Number of protein chains: 2
Amino acid sequence: MAPDRVGVDLETSHGYLLKEASSALRSAMEEVLAPLGMTVTRYSCLELLAQRPGLSNSELARGAFVTRQSMNVLLRALEAEGLVTRPAEAPVGKVLPTRLTPLGRRRLARASKAVREVEVRMLSGLTNAERTAALDILRSMVTALRAD
Amino acid sequence: MAPDRVGVDLETSHGYLLKEASSALRSAMEEVLAPLGMTVTRYSCLELLAQRPGLSNSELARGAFVTRQSMNVLLRALEAEGLVTRPAEAPVGKVLPTRLTPLGRRRLARASKAVREVEVRMLSGLTNAERTAALDILRSMVTALRAD
DNA sequence: GACGGTATGTCAGGCTACTGACATGGCCCC
DNA sequence: GGGGCCATGTCAGTAGCCTGACATACCGTC
């Protein structure tokens, strides 16, 4: 069914390959997180909180690459399930610092283990030099894209 | 506001950086495509059709990393706007080969130019060796993740 | 020819994330 | 103190994409 390829080959486009890799990573993460009753965004939120306790709603949103509105509803759900806690009123300004509960920490531990295995698999075909090169390359892309 | 970082640093996680780069690329693409009345998925669909004329709905969906249901509604919209054409009935089986119209080709040309400029900016901080290394690395990640 | 397996196009429903908007609180400068 | 400016938390409405399901058409083996 695949017709003969004309014009530019998608397989040599950095943008397309980046999207393809990101999509594959997301699929792989969803696959291992689903049995644990987790989604990628929920995991990202918990992981952020574990590494940077006390993050606010807006900061979590930026870290998970979603809007603060989306993170807001997600945080309410996580709070209702007892995975995170937020003070009833802001200690300073309007910012509500969020923290993991012991239950949240346990749930995260399982999810984090599964995600780490996916990441190991993703890097399995790369040498150590390539792995560090990958970090440099991706960082360079991010800063270049952010620069307006 | 940023608290002292504890535990693993997100900036050294390949998965997080990959997501960050992909997110930055998508934002940059949306920014340049919006003035042209285009979205990333619409552009991806048109670009695929330009490079591989006659692709079916399902093939386009796989190429754009969405489900065939999503691509179906997108194709109807593009067809209603006169950017693509599909035969009324399948020449063989149920597969409806899609093709760009002259109008679709013109719209794509403008969008493609804008996207290429974004990609050039994304790669501006990389040497030629790093650019080819990036392709190899991303391809390796994709195949490793796809392997169950 | 009959059959199970696979792939396709399409319909219906639901969920997630988004944009738009508002009120509030911190910060800086005059 | 007053006023512009920005960031934050939140509410409402919308759009995009997804899962589930169905009928149909190809392809392999028997």
Side-chain angles (χ1 to χ4, degrees), chain A residues 1-3 19 22-23 26-31 33-35 37-45 48 54-81 84-99, chain B residues 1-3 19 22-23 26-31 33-35 37-45 48-49 52 54-81 84-99:
Chain A
M1 171 52 66
K19 169 76 176 175
S22 177
S23 174
R26 185 175 189 89
S27 294
M29 286 178 67
E30 284 171 349
E31 193 173 345
L33 287 178
M38 277 236 178
T39 65
V40 173
T41 313
R42 285 166 65 97
Y43 160 74
S44 301
C45 178
L48 279 164
L55 244 47
S56 71
N57 178 28
S58 290
E59 289 170 325
L60 285 169
R62 280 191 293 268
F65 310 108
V66 296
T67 62
R68 54 208 162 111
Q69 292 89 332
S70 298
M71 184 54 71
N72 197 353
V73 305
L74 180 56
L75 274 184
R76 288 166 187 271
L78 290 175
E79 199 174 8
E81 294 180 35
V84 306
T85 49
R86 282 193 296 178
E89 53 187 46
V92 51
K94 300 180 66 178
V95 178
L96 295 174
T98 313
R99 295 190 175 276
Chain B
M1 172 52 68
K19 169 77 177 173
S22 178
S23 175
R26 186 175 188 90
S27 294
M29 286 178 66
E30 284 171 349
E31 193 174 344
L33 287 178
M38 277 236 178
T39 65
V40 174
T41 313
R42 285 167 65 97
Y43 160 74
S44 301
C45 178
L48 280 164
L49 283 175
R52 320 239 248 264
L55 243 48
S56 71
N57 177 29
S58 290
E59 289 169 324
L60 285 169
R62 280 192 292 268
F65 310 109
V66 296
T67 62
R68 40 200 176 119
Q69 292 89 332
S70 298
M71 183 55 70
N72 197 353
V73 304
L74 179 56
L75 273 184
R76 288 167 187 271
L78 291 176
E79 200 174 7
E81 295 180 34
V84 306
T85 50
R86 283 194 295 178
E89 53 186 45
V92 51
K94 300 180 66 177
V95 178
L96 295 174
T98 313
R99 294 188 176 277

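Values below: all heavy atoms of this structure, side chains included; hydrogens, waters and symmetry mates excluded. Throughout, a chain's letter reflects where its sequence line sits, starting with A, and its residues are numbered from 1. Quick caveat: nothing in here was measured; it's all calculated off a predicted structure.
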Once you round it to whole Å, what is the distance between [atom2] of [N] and [atom1] of [X]?
X	N	atom1	atom2	value
L60(A)	dT10(D)	CG	C1'	16 Å
N57(B)	dT10(C)	CG	C1'	9 Å
L96(A)	dA7(D)	CG	P	18 Å

Which pair of heavy atoms, one from [X] and one from [Y], lies closest together, and at what distance?
X	Y	result
C45(B)	L75(B)	SG-CD2, 3.9 Å
S56(A)	E59(A)	N-OE1, 3.0 Å
S58(A)	R68(A)	OG-CD, 3.7 Å
L96(B)	P87(B)	CD2-O, 3.6 Å

Report yes if some heavy atom in the side chain of [X] is under 4.5 Å from a heavy atom in the side chain of [Y]; otherwise report no.
X	Y	result
M38(A)	M29(A)	no
R76(A)	N72(A)	yes
R26(A)	K19(B)	yes

| request: Carefully, step by step, assess S44(B) and V40(B) under the rule side-chain contact (heavy atoms from CB on, under 4.5 Å). | output: CA-CA 6 Å; S44(B) 301; V40(B) 174; 4.1 Å; yes
| dT10(D) phosphate, OP1 or OP2: any side-chain N/O from N72(A) under 4.0 angstrom? | yes
| request: May I ask you to evaluate whether R42(B) reaches the phosphate of dC17(D), defined as a side-chain N or O under 4.0 Å from OP1 or OP2? | output: no
| Looking for any heavy atom pair under 4.0 Å, which part of the strands does R76(A) touch: base, sugar-phosphate only, or nothing? | sugar-phosphate
| Base, sugar-phosphate, or nothing: which does R62(A) touch, judged by heavy atoms less than 4.0 Å apart? | sugar-phosphate
What protein N or O atoms touch nucleotides 17-21 of chain C N or O atoms at under 3.5 angstrom, if any, and at what distances?
residue: dA17(C); atom: OP1; partner: T41(A); partner atom: OG1; Å: 2.8
residue: dC18(C); atom: OP2; partner: T67(A); partner atom: N; Å: 2.8
residue: dC18(C); atom: OP2; partner: T67(A); partner atom: OG1; Å: 3.1
residue: dC18(C); atom: OP2; partner: S70(A); partner atom: OG; Å: 2.9
residue: dG20(C); atom: O6; partner: Q69(A); partner atom: NE2; Å: 2.9

| task | Quantify the bending of the helix from dG4(C)-dC27(D) to dC30(C)-dG1(D) as the angle between its end axes, each fitted on five pairs, to 10°. | result | 40°
